[in-house]
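Quantities reported herein were computed from a predicted structural model and do not represent experimental measurements. Every chain is numbered from 1, with letters handed out A, B, ... down the list of sequences.
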There are 2 protein chains.
Amino acid sequence: MKEVTLKQIAENLGISITTVSKALKDYPDVSKKTKALVKKEAKKLNYKPNVFAVNLRTRESRTVGLIIPEVVHHFFSSVINGIIEQAEKKGYLVIILQSNESYKLEKKQIDLLVSKRVDGIMISLANKTVDISHLKRVKELEVPLVMFDKISKLIDCSKIVINDRAAAYEATKHLIERGCKRIAHFRGALLPQNSIDRFLGYKKALEDHGLKYDSSLVYICENVDYNDGIRAANQLLKDHDDVDGIFAITDLAAIGAIAVFNEKGIRVPDDVAIMGFSNWFVSSAITPSLSTVDQPGYEMGKRTFKQLFKEMKARRENEEVELKTIELDTKLIKRNST
Amino acid sequence: MKEVTLKQIAENLGISITTVSKALKDYPDVSKKTKALVKKEAKKLNYKPNVFAVNLRTRESRTVGLIIPEVVHHFFSSVINGIIEQAEKKGYLVIILQSNESYKLEKKQIDLLVSKRVDGIMISLANKTVDISHLKRVKELEVPLVMFDKISKLIDCSKIVINDRAAAYEATKHLIERGCKRIAHFRGALLPQNSIDRFLGYKKALEDHGLKYDSSLVYICENVDYNDGIRAANQLLKDHDDVDGIFAITDLAAIGAIAVFNEKGIRVPDDVAIMGFSNWFVSSAITPSLSTVDQPGYEMGKRTFKQLFKEMKARRENEEVELKTIELDTKLIKRNST
DNA sequence: TTAACATCCGAAAACGTTTTCGATTATTAT
DNA sequence: ATAATAATCGAAAACGTTTTCGGATGTTAA
């Protein structure tokens, strides 16, 4: 009933704990014969090292932390998926925390992870995060840190992102090429970089193609969700009667808009063409199916962990490591809404 | 630059490590004066106990494990959300692993969690899991275990579920009350209990209301997803021309069917009424909006952790604890598809 | 004055592992 | 034969905490 320990094995075999430990880890100063003996006994007793002791001794937890704004979200859950899979392959487990888009909570989660002594941290910032002293602290403690998707330029660490600006540019350009002349934009909150970049891409595309930018065509969707899309679409219908295209910052907002138009008998894409963003998989299931920009969540998660892994390894071996900013490709997906 | 330890504080104050430890934990055999001194010094140095040492000494990790079939799934991500929130409130962190609906992987994940010495495990079984020896082992190791949603009746532990059978009964009954006479069922794979129970509820409702059960109206959707719904709907159109209602095992399958009908000009609900299951939030965003059964994911997560917490506490204090099976309420949501 | 008791503190063991370094024995070279 | 070298092992320290138990000191009662 008692736990099997190195001591147990050592006693059974009449040798020292040291030798048992070394035998199991294939140290060169243990004879083949004893190694075989030890391994056999370990197997027989189903010995599993006590991670608590190993952690204490090696100062490593083989665990990483992940902080995201919200779990219930197609894009982020895809990222989680990529991270967990990759982490497991390398023998790491993942502790997931949610910031609920709150700066205060995000700070607390960082503290939690640090006090749990995770070997590395991955984070996508909350929208409301402007102060980044909590992240600076992580750097000071020399805990490897990788940011993804919602990043801050103010902190020096590896970043895995898409080129929001270019992707938004392409999306808007696609609307223009479809013949749209008055294109509205449902943008996100003012703060997060994604929201800014997508807006800038939209604006640039207009200007590059001889359409003048009109700020009254830009609507803010604070939570970039379905209801925001509905609200914005209704407001748009009140304000303008000449809009023939919409570039929405997320698929959800776009789907909200489509619902409004469907209900009012406004034809999509004949009267108004609509572009979403993310390629959330329902976007192909609605009527009309939604044109959008594919945002590679799984891939982003995978790359994020891989980079973190490199940095954790470098740290363990006291080597320098290059901090990288990786931009992943997005893909324009043309469907029936444009 | 060095880590702050009890020893550090003790040396600074010229007292023993023991006293420092006891002072910080408010032991009664330390004078108020020294307690104050110690706490002040600890605060000054920003002392944080080394969890590795604490874990080793207390044999607890204050970490729990969660195994689910897939993360990228609205229902499960809602459960995750409930669990994480509740766990954090009680000072626990959550390690999340995915079984990808594979028994082999599920077994491996259990081993991983056990070897990480989590204080408790929550699991929703993979569809293909029939052998449950890996769960039996968890029980033997006396690691508290709570199952939710996809459970096995063969293992003796607490379970948090909905009454799938009753919910499916209500859903089918609703179709019948709407006037449907020939009701098809898109069911899930043969194995998981949910799938069986929902099927049984469907069948019972038919029989109780004078409709005869026809096995040719039951289609299997192996992955219960959008494409399965499309496939099943197409097959149904080939096989039958008199079906006027469908009860689908998930919203996704129902949405797939709706897409097919929309395309073929078959009117929903006039020609065919459709019920989904889960109340995935997109179900209100499609056209027509989908009638469904609300499955309380967040609540389920919350209750699951709460039960686990009780059992972990009982274990720590060597008390007996009652294993509970909790059934959560579902709610019929009537929308435009019926 | 001594006995009884309360108050406060610290030595030391324990948790289970990893790793350094020295000791012992066996082997080879001279 | 002795010296040098290789092969094998184990004692012990260390990681940082928690907790038991006994000792010291001071206080009160008889």
Side-chain angles (χ1 to χ4, degrees), chain A residues 1-39 41-42 45-63 91 114-117 119 141 316-318, chain B residues 1-39 41-42 45-63 91 114-117 119 141 316-318:
Chain A
M1 207 60 250
K2 276 281 288 171
E3 295 268 351
V4 182
T5 65
L6 293 181
K7 192 174 166 193
Q8 183 65 247
I9 298 177
E11 278 170 7
N12 287 9
L13 263 40
I15 58 179
S16 78
I17 295 175
T18 307
T19 304
V20 175
S21 173
K22 288 199 280 197
L24 290 174
K25 311 193 87 201
D26 270 328
Y27 270 54
D29 64 344
V30 177
S31 71
K32 302 220 159 140
K33 208 177 359 164
T34 23
K35 271 184 190 170
L37 268 177
V38 168
K39 284 177 180 171
E41 185 72 10
L45 300 184
N46 191 28
Y47 168 75
K48 298 272 188 273
N50 181 320
V51 279
F52 294 159
V54 176
N55 288 346
L56 177 59
R57 183 54 226 230
T58 61
R59 303 168 155 283
E60 279 187 346
S61 60
R62 295 271 160 177
T63 302
V114 168
S115 73
K116 270 277 172 175
R117 284 181 145 76
D119 296 340
L141 292 171
R316 201 173 33 234
E317 294 163 5
N318 269 318
Chain B
M1 206 61 247
K2 277 280 290 168
E3 295 268 352
V4 182
T5 64
L6 292 182
K7 191 174 166 195
Q8 183 64 249
I9 298 177
E11 278 169 8
N12 286 10
L13 263 40
I15 59 180
S16 79
I17 294 175
T18 307
T19 305
V20 174
S21 173
K22 288 200 278 199
L24 290 174
K25 312 192 86 201
D26 271 325
Y27 272 55
D29 63 345
V30 177
S31 71
K32 302 223 159 138
K33 208 178 356 164
T34 20
K35 272 184 190 169
L37 267 176
V38 169
K39 285 177 180 171
E41 186 71 9
L45 300 184
N46 190 29
Y47 167 77
K48 298 272 188 277
N50 181 320
V51 278
F52 294 159
V54 176
N55 287 347
L56 177 60
R57 183 56 226 227
T58 61
R59 305 167 155 283
E60 279 187 348
S61 60
R62 294 272 161 178
T63 302
V114 167
S115 73
K116 270 277 171 177
R117 285 182 144 75
D119 297 340
L141 292 170
R316 203 174 30 236
E317 292 162 5
N318 269 317

Taking any heavy-atom pair under 4.0 Å as a contact, classify B:Tyr27: base, sugar-phosphate, or nothing.
sugar-phosphate

Looking only at atom types and distance, does a side-chain atom of A:Ser21 sit under 3.5 Å from a main-chain N or O of A:Ile17, one as donor and one as acceptor?
no

Rounded to the nearest 0.5 Å, the CG atom of A:Leu56 sits from the CZ atom of B:Arg57 at a distance of 12.5 Å

Under 4.5 Å between any side-chain heavy atoms of B:Arg117 and B:Leu141, yes or no?
no

Side chains of B:Leu6 and B:Leu24 in contact at under 4.5 Å (non-hydrogen atoms)
yes

Do A:Ile9 and A:Leu45 come within less than 4.5 Å of each other through their side chains, counting heavy atoms only?
yes

Classify A:Thr5 by what it touches in the nucleic acid, base, sugar-phosphate, or nothing, heavy-atom distance under 4.0 Å.
sugar-phosphate

Kindly say whether A:Ser61 contributes a backbone atom to a donor-acceptor pair with the side chain of A:Lys116 at under 3.5 angstrom?
no

Outermost contacting nts on DNA chain C, any atom under 4.0 Å from chain B heavy atoms, listed 5' then 3', are C:dC8 to C:dG16

Reading nucleotides 4-11 of chain D from 5' to 3' and marking B where a protein heavy atom lies under 4.0 Å of the base, S where only the sugar-phosphate is that close, and - otherwise, the string is ----BBBB

Can you check whether A:Lys22 reaches A:Val38 side chain to side chain, under 4.5 Å on heavy atoms?
no

Would you confirm whether A:Lys48, through its side chain, and A:Glu3, through its main-chain N or O, come within 3.5 Å as a donor-acceptor pair?
no

